[in-house]
J.: 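I'd like to ask some things about the structure below.
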Amino acid sequence: MNEQGSKKLQIATMEKLERFDTLRGKQVEPGEFWDLVVLTAVDDNQREAYELQISEKLERKEIPLGISYHVFSDPPGAKIGNGGATLYSLQRLEDIYGKALGGYRVLLIHAGGFSQRLPNASALGKIFTPIPLGDPLYQMLELKLAVFVDFPKHMKPGVLVTSADCIELYSIAEDENIRFDRSGFTALAHPSPISIGTTHGVFVLDQKEKSVLADMEYRTCLHFLHKPSVKKMHKNGAVCKSQDSCMSLLSDAEFVYTDSTYYVDYNTAMSLLSLFREVGPLGCEIDAYGDFLQALGPQATVAYTNDTANVTKQESNLVEMRQKIFHCLKGTPLNLVALNHSKFYHIGTTTEYLFYLTEDPCLRGELGLYKVLGYSQNFSFKVCCAMLSDVKPGCSLTPGSVVEYCRLEAGAHVGGRTILSGCWVGAGMKVPDGTFMHSLCVNREGQTGFVTVAFGIEDDLKKSVGAPANMEGLNLFGASLVECLAKWGLSPESLRFSGDTLSCSLWNACLFPVCPDMRDSFSLTLEMLQPGGSTVTMPPGTKLMSLQEALQCKKLEEMLKYRKKLMEDVKMKKWS
């Protein structure tokens with residue numbers, strides 16, 4: 001990105017943040033903001049966690065007042081995906097508001113899931129992941145509301161669908177606004193390198209429409225490709241040529257337009273809802289992007305419904321359900337808002353979280369993160385990002401690490417490329433490089449306990465070996481899980497996997513001790529990470545838990561109470 005383009009994006013973003021800040025904690029007027037904000041949740045436990053956090057945000061006046069915030073959890077039974085969650089949310093909204101829904105502008109944020117690739121967000125949700133921005137400190141919810149702050153004023157009744165772990169930044173001419181006033185679907189489209197297109201949705205534009213070389217263009221989409229190969233993008237005419245200053249944020253000679261957020265007008269949303277009510281329980285996972293958008297545009301065909309290459313788990317009725325969606329949406333227009341001066345960030349993994357908060361000068365400059373990090377202007381070197389944490393004198397925080405909602409006693413050391421979340425680090429303790437540690441409050445047989453989980457930043461928590469006998473295939477901190485067990489004085493036969501024993505992974509491996517004290521919990525888990533051959537000795541009767549199990553029995557109120565007290569202490573320290 002050139003310096004002029006970056007500055008332009010920064011100014012546009014700052015203006016949106018300032019407008020949103022004027023609405024935080026204020027009663028908004030009709031038409032001034034969203035009528036309804038909806039978060040999706042994977043189950044009732046997550047729904048309760050989200051509702052409690054939204055309630056606290058409203059009480060602390062961190063988000064706009066006077067509108068309705070809803071959290072809808074997926075119905076019991078088979079997983080339904082974010083597409084199914086979209087349909088179920090529409091059903092819940094119509095049940096609540098009836099025909100009045102036809103006059104509302106709805107923001108629907110997909111926030112369900114266990115965040116296995118960013119496990120510091122597993123307990124309280126990725127939509128509540130902190131961002132070093134604003135006062136009071138932003139979480140992803142506030143950032144999403146801020147980035148989209150101008151949308152409701154120029155939107156007809158309908159639903160804007162977006163994801164909790166993405167950030168969309170854009171700049172347009174001062175006399176322009178992004179309008180969501182057309183029938184059918186209207187999607188934001190971002191110029192991206194062709195390589196990015198292979199892992200995202202890609203729009204095939206009508207090349208007969210002449211580009212006006214502006215920051216924003218309204219274009220027609222002929223066809224939507226879901227995670228296509230480079231060959232398929234070229235074959236379908238999705239690859240565009242950069243020209244003049246229009247693509248000032250891209251240096252590539254060729255690029256594609258990729259997806260992020262989209263709008264569905266009320267009538268189209270009701271057509272989808274009618275289909276959902278007709279088919280009853282889905283019984284399969286539907287993708288809100290691949291399964292909806294591939295049905296749109298004049299060149300869409302039913303062929304994609306049989307392509308299951310990108311499906312994690314294929315249910316028997318998936319193809320049939322896709323075909324019903326295709327016939328429901330066939331002929332529906334897919335309008336594009338080509339944001340030629342925009343960037344799209346995904347913050348859904350530990351490596352992405354570390355890179356964007358501690359290293360990347362682009363996002364840091366565009367959002368003004370450097371101000372909260374304690375600098376007067378943007379910079380290019382790595383830093384440690386400490387958010388809402390009480391760090392005592394004598395602590396050393398290595399650049400490239402993130403510390404959030406933690407207490408660090410005197411002399412504690414945090415290594416590089418490390419994430420600490422919700423931890424109480426005792427005096428003089430040293431956390432090694434490349435470590436993820438997160439403490440949770442849990443219900444231990446009717447008593448309050450604490451468990452601190454630890455993984456390597458690069459560890460794959462989702463990788464499953466199918467059976468305990470195959471645990472040699474799981475790696476923890478660069479070593480096989482069997483080697484780690486030997487170091488901890490445990491036999492492979494003694495290791496318990498929680499939940500579905502046909503799916504054995506780091507996610508459900510019961511490795512971490514439950515302790516009555518938060519500091520002891522962190523200390524004991526940290527001892528397990530120390531190099532050398534000494535065996536870790538667990539106190540007699542110590543129960544071991546997995547992250548999956550800890551989430552199932554977490555004491556949400558206690559975790560939020562800890563955060564609240566910590567915020568008060570940090571605030572008092574700041575003003576003392």
J.: Rounded to the nearest 0.5 Å, what's the gap from CG on Leu225 to OG1 on Thr198? Could you check?
T.: 12.0 Å
J.: Among His327, Met270, Met321, find the one that has a side chain to side chain contact (heavy atoms under 4.5 Å, CB included) with Leu275.
T.: Met321
J.: Please check this pair: side chain of Thr418 against backbone of Ser401, looking for a donor-acceptor N/O pair closer than 3.5 Å.
T.: no
J.: Could you go through the side-chain contact (heavy atoms from CB on, under 4.5 Å) check for Tyr353 and Asp165 one step at a time?
T.: CA-CA 10 Å; Tyr353 196 52; Asp165 55 6; over 6 Å; no
J.: Sorted by first residue and then second, give each salt bridge (charged side-chain N to carboxylate O under 4.0 Å, His left out) pair with at least one member in residues 296-305; sequence neighbours left out.
T.: none
J.: If you look only at distance, which donor and acceptor atoms sit under 3.5 Å apart when one is on a side chain in residues 176-189 and the other is two or more places apart or in another chain?
T.:
| unit_1 | atom_1 | unit_2 | atom_2 | d |
| --- | --- | --- | --- | --- |
| Asn177 | OD1 | His154 | NE2 | 3.3 |
| Arg179 | NE | Asp181 | OD2 | 3.3 |
| Thr186 | OG1 | Asn335 | ND2 | 3.4 |

J.: Check whether any side-chain N or O of Asn508 sits under 3.5 Å from a backbone N or O of Gln548 as a donor-acceptor pair, and report yes or no.
T.: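 Answer holds: no.
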J.: How many angstroms lie between OG1 in Thr40 and CZ in Arg92, if you round to the nearest 0.5 Å?
T.: 12.5 Å
J.: Counting distance only, does the side-chain N/O of Asp74 pair as donor-acceptor with the main-chain N or O of Lys79 below 3.5 Å?
T.: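 No, because the side chain of Asp74 does not come within donor-acceptor range (under 3.5 Å) of the backbone of Lys79.
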J.: Please determine which of Leu9, Asn340, Leu339, Ile11 meets the side chain to side chain contact (heavy atoms under 4.5 Å, CB included) test together with Ser171.
T.: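 With Ser171 as partner, Leu9, Asn340, Leu339, Ile11 yield a single side chain to side chain contact (heavy atoms under 4.5 Å, CB included), made by Leu9.
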J.: With side-chain contact (heavy atoms from CB on, under 4.5 Å) as the criterion, how do Leu169 and Leu367 come out once you've worked through the C-alpha distance, each side chain's angles and the decisive distance to 0.1 Å?
T.: CA-CA 9 Å; Leu169 304 180; Leu367 283 178; 4.1 Å; yes
J.: So Pro399 and Phe381, do their side chains get closer than 4.5 Å, heavy atoms only?
T.: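 Not touching, per the 4.5 Å side-chain cut-off.
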J.: Quick one: side chain to side chain donor-acceptor pair (under 3.5 Å) pairs with a partner in residues 114-128, sequence neighbours left out?
T.: Asn120-Glu404
J.: Holding to side-chain hydrogen bond (donor to acceptor under 3.5 Å, both in side chains), I want the full list of residues that pass it with Lys8, two or more places apart in sequence or in another chain.
T.: Asp215
J.: Could you grab the distance from atom CD of Glu483 to atom CG of Asn475, nearest 0.5 Å is fine?
T.: 8.5 Å
J.: Between Asp433 (side chain only) and Gly416 (backbone N and O only), is there a donor and an acceptor less than 3.5 Å apart?
T.: yes
J.: Taking only residues two or more places apart in sequence or in another chain, which ones pass ring-ring contact (aromatic ring centres under 6.0 Å, His included) with Tyr218?
T.: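 Scan of Tyr218 (ring-ring contact (aromatic ring centres under 6.0 Å, His included), adjacent residues dropped) gives none.
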J.: Any chance you could measure Tyr304, atom OH, to Gln323, atom CD, to the nearest 0.5 Å?
T.: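 Those atoms lie 9.0 Å apart.
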J.: Please determine if Lys16 forms a cation-pi arrangement with Tyr170, meaning its NZ or CZ atom is less than 6.0 Å from the six-membered ring centre and no more than 45° off the ring axis.
T.: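 Output yes; distance and angle both within limits.
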J.: Below 30° counts as parallel, above 60° as perpendicular, anything between as tilted: where do the rings of Tyr88 and Phe276 land?
T.: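 Ring orientation, 0 to 90° scale: perpendicular.
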J.: Once rounded to the nearest 0.5 Å, what's the spacing between atom NE2 of His226 and atom NZ of Lys232?
T.: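 One gets 10.0 Å once the value is rounded to the nearest 0.5 Å.
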J.: For the side chain of Asn82 and the backbone of Ala288, is there at least one donor-acceptor N/O pair under 3.5 Å apart?
T.: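 Confirmed, Asn82 side chain pairs with Ala288 backbone.
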J.: Between CD of Glu352 and CG of Asp360, what distance do you get to the nearest 0.5 Å?
T.: 11.5 Å
J.: Within the side chain of Asp206, is there an N or O that forms a donor-acceptor pair under 3.5 Å with the backbone of Thr220?
T.: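 Answer holds: no.
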J.: Is the ring pair Phe255/Tyr257 parallel, tilted or perpendicular, if the boundaries are 30 and 60 degrees?
T.: perpendicular
J.: Going by the rule ring-ring contact (aromatic ring centres under 6.0 Å, His included), which residues pair with His200 if we only count those two or more places apart in sequence or in a different chain?
T.: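 For His200, the residues satisfying ring-ring contact (aromatic ring centres under 6.0 Å, His included) (neighbours in sequence not counted) are Phe344.
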J.: Only counting residues at least two apart or in another chain, list the ones meeting salt bridge (charged side-chain N to carboxylate O under 4.0 Å, His left out) with Arg417.
T.: Glu458
J.: Evaluate side-chain contact (heavy atoms from CB on, under 4.5 Å) for Glu174 paired with Glu15, printing each intermediate quantity in order.
T.: CA-CA 11 Å; Glu174 289 186 13; Glu15 290 173 349; 5.6 Å; no
J.: Run the numbers on His110 and Thr86 for side-chain hydrogen bond (donor to acceptor under 3.5 Å, both in side chains), then give the verdict.
T.: CA-CA 8 Å; His110 283 295; Thr86 300; 2.7 Å; yes
J.: Could I get the full list of salt bridge (charged side-chain N to carboxylate O under 4.0 Å, His left out) partners for Arg19, not counting sequence neighbours?
T.: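 In terms of salt bridge (charged side-chain N to carboxylate O under 4.0 Å, His left out), with neighbours along the sequence ignored, Arg19 is linked to Asp150.
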J.: Write out all pairs satisfying side chain to side chain donor-acceptor pair (under 3.5 Å) with one or both partners inside residues 261-273, taking only residues at least two apart or from two chains.
T.: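 Matches after skipping sequence neighbours: Thr162-Thr261, Glu168-Thr261, Asp265-Thr268.
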J.: Would the distance check show the side chain of Arg105 and the main-chain N or O of Pro152 forming a donor-acceptor pair, the cut-off being under 3.5 Å?
T.: yes
J.: Which residues pass the salt bridge (charged side-chain N to carboxylate O under 4.0 Å, His left out) test with Glu472, not counting sequence neighbours?
T.: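 Glu472 satisfies salt bridge (charged side-chain N to carboxylate O under 4.0 Å, His left out) with no residue once adjacent residues are dropped.
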J.: According to the ring pair (Phe, Tyr, Trp, His ring centres under 6.0 Å) rule, which pairs have a member within residues 454-476, sequence neighbours left out?
T.: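 Residue pairs with at least one partner in residues 454-476: Phe455-Phe512.
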J.: For Gln46, what residues pass the side-chain hydrogen bond (donor to acceptor under 3.5 Å, both in side chains) criterion, not counting sequence neighbours?
T.: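 Only Tyr50 meet the side-chain hydrogen bond (donor to acceptor under 3.5 Å, both in side chains) criterion with Gln46.
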J.: Would Leu90 and Val106 satisfy side-chain contact (heavy atoms from CB on, under 4.5 Å), going step by step from the backbone distance to the final call?
T.: CA-CA 10 Å; Leu90 289 173; Val106 182; over 6 Å; no
J.: Spell out, as yes or no, whether a donor-acceptor pair under 3.5 Å connects the side chain of Ser503 to the backbone of Asp500.
T.: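 No; zero donor-acceptor contacts below 3.5 Å.
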